[in-house]
Amino acid sequence: MAAHWPSRLAERARARHALGRWRHRRTATPGAAPLDFAGNDYLGLARDPRLAEAMAWGARCFGAGARASHLVNGHLEVHEALEERLAALTGRPRALLFSTGYMANLGTLQALSDGETRIFQDRLNHASLLDGARLAGAASRRFHHADLADLERLLARAPAEAPRLVVSDGVFSMDGDVADIPGLAEAARRHGAWLMVDDAHGLGVLGDNGDGCVGRAHGVDAVPVLVGTLGKALGTAGAFVAGSEALIEHLIQFARPYVYTTAQPPGVAAATLTALELLAAEPERRERLHALIARFRREAAILGLPLADSTTPIQPLLLGDDARAMAWAERLAGRGLAVGAIRPPTVPFGQARLRITLSAAHTDADLDALLEGLAACRAHDTEPRESAP
Ligand SMILES: *Cc1c(COP(=O)(O)O)cnc(C)c1O
């Protein structure tokens, strides 16, 4: 029977190749890195030497690794300090660290669900939220993207006794649009549901102090379950859930992806504390980012590029066709510009796109180079094909 495995794998590979969806990794080197318009380092903190210093300090003080899970003896002073800072930033009573955002979403949905629970998700939610509902074994429904009427229709159909959880990205990772938090909170309230928002791309970027699209503006009553990640604007790695004392204690007891994993390396926690200090001390990073977003949108519109309706650092160009998205990304790569070409199944069929991301670390000349590259893609795109003789 073991002999079947190679042919099974080959079959899956053939099917994916046939769809033109085989994916490749590129190995980045620290030296001649291309201009990065693909990453999520929105504030330019990932390469800040002060974070690297803090990481080394954390490792010297506490060790390179935490050595154990949080519930055994891996929960260190530096983790505790970071949880307190994250709770304060988001205006919640408590926060709980997870090793990754993927695990925070899996763990939260699993711990909050049982056979009775009904989960309602925006159709464009991040894969980790969709996978979390599967792990939870809860009945899960997807509402049309950002469609509150559709959400309410589904909520109204749930059995009267069923505990309900409405789940949404804060900033949608492939579209860059921001969820209507007050609208979601009101729909959840009307139907006796809890609201969970994953603000992976809003934290550090949106809100008065970089506290995200939920943050202190929408407290624990409106958004009882708030998830943030640390590997994007904060430039490090890991994630957290913020909410009431009771929610956090519940997750510590019942979230399996929290309980059964080694605690975050202490150097990462120390570097994240430094990132939070810089978030507060250097608001000019956010101002710079928003100025770049405004300039990009203004000039891309003049070039006639297919902009999406986004005011965040995620600026997709909707190209539709998979091959077209790949061709644009390759042409840009040839000019030393790294831009993500996003194809199904990450986005719906027929909605392939370039996912351009902006960062406070970009200079005006970097943005010039991007706009020139995009203008060249567009010019090439519309050139009439050579006709056969
Ligand atoms: C990136 C992302 C995650 C996963 O976070 P990691 O820390 O990278 O595992 C979860 N949710 C959203 C919306 C994301 O964009």
Side-chain angles (χ1 to χ4, degrees), residues 25 36 38-43 45-46 51 79 82-83 86 90 95-110 119 121-136 142 145-146 165-181 184 195-207 212-215 223 225-242 251 255-258 261-265 268-269 271-272 275-276 308 310 312-316 340 342 345-347 353 355-359:
R25 303 180 305 175
D36 180 9
N40 305 309
D41 181 23
Y42 304 126
L43 298 177
L45 289 172
L51 268 66
H79 297 131
L82 177 55
E83 287 180 344
L86 290 167
T90 55
L96 185 72
L97 271 178
F98 282 77
S99 301
T100 70
Y102 192 97
M103 290 169 69
N105 285 336
L106 290 192
T108 303
L109 288 170
Q110 170 258 313
I119 298 178
Q121 306 223 32
D122 189 291
R123 199 169 272 287
L124 297 188
N125 276 354
H126 190 262
S128 56
L129 293 167
L130 305 176
D131 294 356
R134 275 198 232 163
L135 177 68
R142 291 161 82 172
H145 176 52
L165 186 62
V166 174
V167 184
S168 180
D169 278 15
V171 174
F172 287 86
S173 51
M174 296 300 142
D175 294 73
D177 56 329
V178 184
D180 174 1
I181 302 296
L184 287 166
L195 175 60
M196 168 174 174
V197 176
D198 173 356
D199 202 17
H201 296 277
L203 193 81
V205 170
L206 303 177
C213 77
V214 175
V223 185
V225 188
L226 172 60
V227 178
T229 69
L230 309 173
K232 285 160 182 157
L234 294 174
T236 60
F240 67 94
V241 179
L251 295 177
R256 296 171 63 86
Y258 179 77
T261 200
T262 302
Q264 180 179 67
V268 175
T272 310
L276 291 173
S310 162
T312 67
I314 301 167
Q315 290 291 326
I342 312 288
T346 306
V347 291
R353 65 197 65 184
R355 180 177 180 271
I356 294 168
T357 53
L358 301 172
S359 164

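When a ligand or atom number is given, it counts from 1 through the structure's own listing order. Small disclaimer: the values here were computed from a predicted structure and weren't measured.
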Exercise. When you measure from atom 15 (O) of ligand 1 to every protein heavy atom, which one gives the shortest distance, and what is it?
Worked result: H201 NE2, 2.5 Å
Exercise. Going by heavy atoms in the side chains, are T108 and L251 under 4.5 Å from each other?
Worked result: yes
For this session: Would you tell me whether H145 and D175 have side-chain atoms, one donor and one acceptor, within less than 3.5 Å of each other?
Result: no
Problem set entry | Over all atoms of both residues, closest heavy-atom pair of A269 and H79 | CB-CD2, 3.8 Å
Seminar exercise, completed: Closest non-hydrogen atoms of C213 and L206, given as atom of the first, atom of the second and distance, are CB-CD1, 3.9 Å
Exercise. To the nearest 0.1 Å, how far is atom 4 (C) of ligand 1 from its closest protein heavy atom, and which atom is that?
Worked result: Y102 N, 3.6 Å
Seminar exercise, completed: So the atoms of ligand 1 within less than 4.0 Å of a heavy atom of D169 turn out to be 13 (C)
For this session: Quick one: look at T229 and ligand 1, take heavy-atom pairs under 4.0 Å, and tell me if it's side chain, backbone, both or neither.
Result: side chain
Exercise. Counting distance only, does the side-chain N/O of T312 pair as donor-acceptor with the main-chain N or O of G176 below 3.5 Å?
Worked result: yes
Seminar exercise, completed: The option among L129, L124, D198 carrying the non-hydrogen atom nearest to atom 12 (C) of ligand 1 is D198
Exercise. How about R256: does its CZ atom have over 12 heavy atoms from other parts shown lying under 6.0 Å from it?
Worked result: no
Exercise. Does ligand 1 have an atom under 4.0 Å from some heavy atom of M103?
Worked result: no
Problem set entry | Check: S173 N/O within less than 3.5 Å of ligand 1 N/O | no
For this session: Could you find the nearest protein heavy atom to atom 2 (C) of ligand 1 and give me its residue, atom name and distance?
Result: K232 NZ, 2.3 Å
For this session: Can you sort out which atoms of ligand 1 are near T100, meaning under 4.0 Å from one of its heavy atoms?
Result: 7 (O), 9 (O)
Seminar exercise, completed: At under 4.0 Å between heavy atoms, what of N105 touches ligand 1? The answer is side chain
Problem set entry | Nearest-contact summary for atom 5 (O) of ligand 1 - protein heavy atom, Å | G101 CA, 3.3 Å
Exercise. About how many Å separate CG of N40 and NE2 of H201, when rounded to the nearest 0.5 Å?
Worked result: 5.5 Å
Exercise. For ligand 1, does A239 get within less than 4.0 Å through its side chain, its backbone, both, or neither, judged by non-hydrogen atoms?
Worked result: neither
For this session: Check whether any side-chain N or O of D169 sits under 3.5 Å from a backbone N or O of D198 as a donor-acceptor pair, and report yes or no.
Result: no
